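Below you'll find the structure, written out as structure tokens, and then a few comments.
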Amino acid sequence: MSVNNKRVVYSNYLANPIYIDILKARPDVRLDRIENASPEDVYGPLLGAAHVYQVGAARDELAPHFHVDAAFLKRTPNLLLVSSNGAGFDPVDVEACTAAGVVVVNQSGGNAHSVAEHALAMMLTLSKRIIQSDRRLRRERDVNRNDLVGNEVEHKTVGIIGLGNVGRRIAALCKGLLGMTVLAYDPYLSAEVMAERGGEKVELDELLRRADFVSISCPLNKGSRNMISTREFALMQRHAYFITTARGFIHDEDALLQALRDKRIAGAGLDVWSKEPPPPEHPLLQLDNVLASPHTAGVTIEARQNMGRIAAEQVLDVLDGKRPPRIINPEAWPRYAERFKQAFGVTPG
């Protein structure tokens, strides 16, 4: 077996050190790290030789010249695989990768339990007005508890947009723990599949009109960008809460701010933002009925370890000529297979 003939480069950080442990157990794999501050004479040769690029999923944490776009791909002629640390892949131009014959994979499902629990925690915190109670107690004396009457979540209706790994787990928690009615909007799934995952398939407008809680768990793509804006917030019930643990830009922050100021909806739980982390002066952070977190829904010890393990195993599968299970751009496979054979002398299966 050749030593270090398969090259993997990762940027800044990994989900968990288990990734390094797994890859370094393989004598045919060389693993190198680059950082945002790395000079070009360091990162240039490493990226130029790389077969795999393990990239962070948070766009604002990664230097622009390490985002995977057409210019980046020109500097990485040997690149076969781009692997995102998380379920998202914001810093990756998937269309450019497909054109170059580069396969893109993510680690979808690896943090599903953590993200779903975070979404449920936001629902409970907002409905019980815990965050507002906490802030009032820290600012005022003699707080009147009758000003902070909340609502039970049990038997309410949750509308889940995107019934994938995270969405189906939210559905299971809401239905199993709290007896909630689960509506779901996902144009990529049949009614039968959605029923198996615990949700009643409805169109987006119906979901927005009926739900007491609207939870976003779909990926960011051309179809979902700005999917929830002024019109959609106007369809929601005034007592309803908007919760997102998906990606910024799926909802319009300005439209959400106006809906909250106009009391069109009761409040919001926001884990994702157009700029991450949002600055403390962000207008949405000034509202007591907004519960905020800096994209930490999937940041748990358990999820990070799971994501690191899944990422490492998937990279090794690719380097061993196997087809990975989480391909974002399967249409790249024919061109990728040709390039893989040129690099390693075998056709991937």
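This structure is a prediction, so every number in the text was calculated from the model and none was measured. Side chains included, hydrogens not; waters and symmetry mates left out as well; all remaining heavy atoms used.
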Practice problem: Determine, step by step, whether Leu207 and Val214 satisfy the side chain to side chain contact (heavy atoms under 4.5 Å, CB included) criterion, reporting the C-alpha distance in whole Å, the side-chain angles of both residues, the deciding distance to 0.1 Å, and the verdict. | Solution: CA-CA 8 Å; Leu207 181 150; Val214 173; 4.2 Å; yes
Quiz item: Among Gln237, Arg238, Met236, which one satisfies side chain to side chain contact (heavy atoms under 4.5 Å, CB included) with Arg264?
Solution: Arg238
Self-check item: side chain to side chain contact (heavy atoms under 4.5 Å, CB included) partner of Val104, the single match among Thr98, Ile328, Ile327
Solution: Ile328
Quiz item: Can you list every side-chain hydrogen bond (donor to acceptor under 3.5 Å, both in side chains) pair that touches residues 65-90, not counting sequence neighbours?
Solution: Gln54-Ser83, Gln54-Asn85, Arg59-Asp90, Ser83-Gln107, Asp90-Arg247
Distance-only criterion, 3.5 Å: show the donor-acceptor pairs between side-chain atoms of residues 141-149 and protein atoms not counting sequence neighbours.
from   : atom 1 : to     : atom 2 : distance (Å)
Asn144 : OD1    : Asn146 : N      : 2.9
Asn144 : OD1    : Asn146 : ND2    : 3.4

Decide if atom [atom1] of [X] counts as having more than 12 heavy atoms of other residues, nucleotides or ligands within a radius under 6.0 Å.
{"X": "Glu203", "atom1": "CD", "answer": "no"}
{"X": "His113", "atom1": "NE2", "answer": "no"}
{"X": "Glu154", "atom1": "CD", "answer": "yes"}
{"X": "Glu281", "atom1": "CD", "answer": "yes"}

Practice problem: Could you check Glu95 against Lys222 for salt bridge (charged side-chain N to carboxylate O under 4.0 Å, His left out), going step by step and ending with a plain yes or no? | Solution: CA-CA 12 Å; Glu95 291 183 358; Lys222 290 182 179 179; 2.9 Å; yes
Is the closest basic N to carboxylate O distance between [X] and [Y] below 4.0 Å?
{"X": "Glu338", "Y": "Lys341", "answer": "no"}
{"X": "Arg26", "Y": "Asp320", "answer": "yes"}
{"X": "Asp32", "Y": "Arg30", "answer": "yes"}

Quiz item: Can you check side chain to side chain contact (heavy atoms under 4.5 Å, CB included) on Leu73 and Leu79, steps first, answer last?
Solution: CA-CA 8 Å; Leu73 292 167; Leu79 193 64; 4.0 Å; yes
Counting only N and O atoms by type, is there a donor-acceptor contact under 3.5 Å from the side chain of [X] to the main-chain atoms of [Y]?
{"X": "Lys201", "Y": "Asp186", "answer": "yes"}
{"X": "His282", "Y": "Leu284", "answer": "yes"}
{"X": "Asn289", "Y": "Gln132", "answer": "no"}
{"X": "Ser217", "Y": "Gly162", "answer": "yes"}
{"X": "Asp252", "Y": "Asn226", "answer": "no"}
{"X": "Asp212", "Y": "Thr157", "answer": "yes"}

Quiz item: Under 6.0 Å between ring centres, would you say that holds for Phe72 and Phe66?
Solution: no
Quiz item: Does Val55 belong to the same Ile/Leu/Val/Met/Phe/Trp/Tyr cluster as Leu81, with side-chain heavy atoms less than 4.5 Å apart forming each link?
Solution: no
Quiz item: Are any non-hydrogen side-chain atoms of Arg231 and Asp205 less than 4.5 angstrom apart?
Solution: yes
Self-check item: Note, Tyr53 side chain near Val68 side chain (heavy atom, < 4.5 Å)
Solution: yes
Exercise. Tell me, please, whether Phe249 has Arg225 positioned over its six-membered ring: NZ or CZ under 6.0 Å from the ring centre and within 45 degrees of its axis?
Key: yes
Identify all side-chain donor-acceptor contacts of residues 37-51 below 3.5 Å with residues at least two apart in sequence or on another chain.
from  : atom 1 : to    : atom 2 : distance (Å)
Ser38 : OG     : Glu35 : N      : 2.8
Ser38 : OG     : Glu35 : O      : 3.1
His51 : ND1    : Arg7  : N      : 3.0

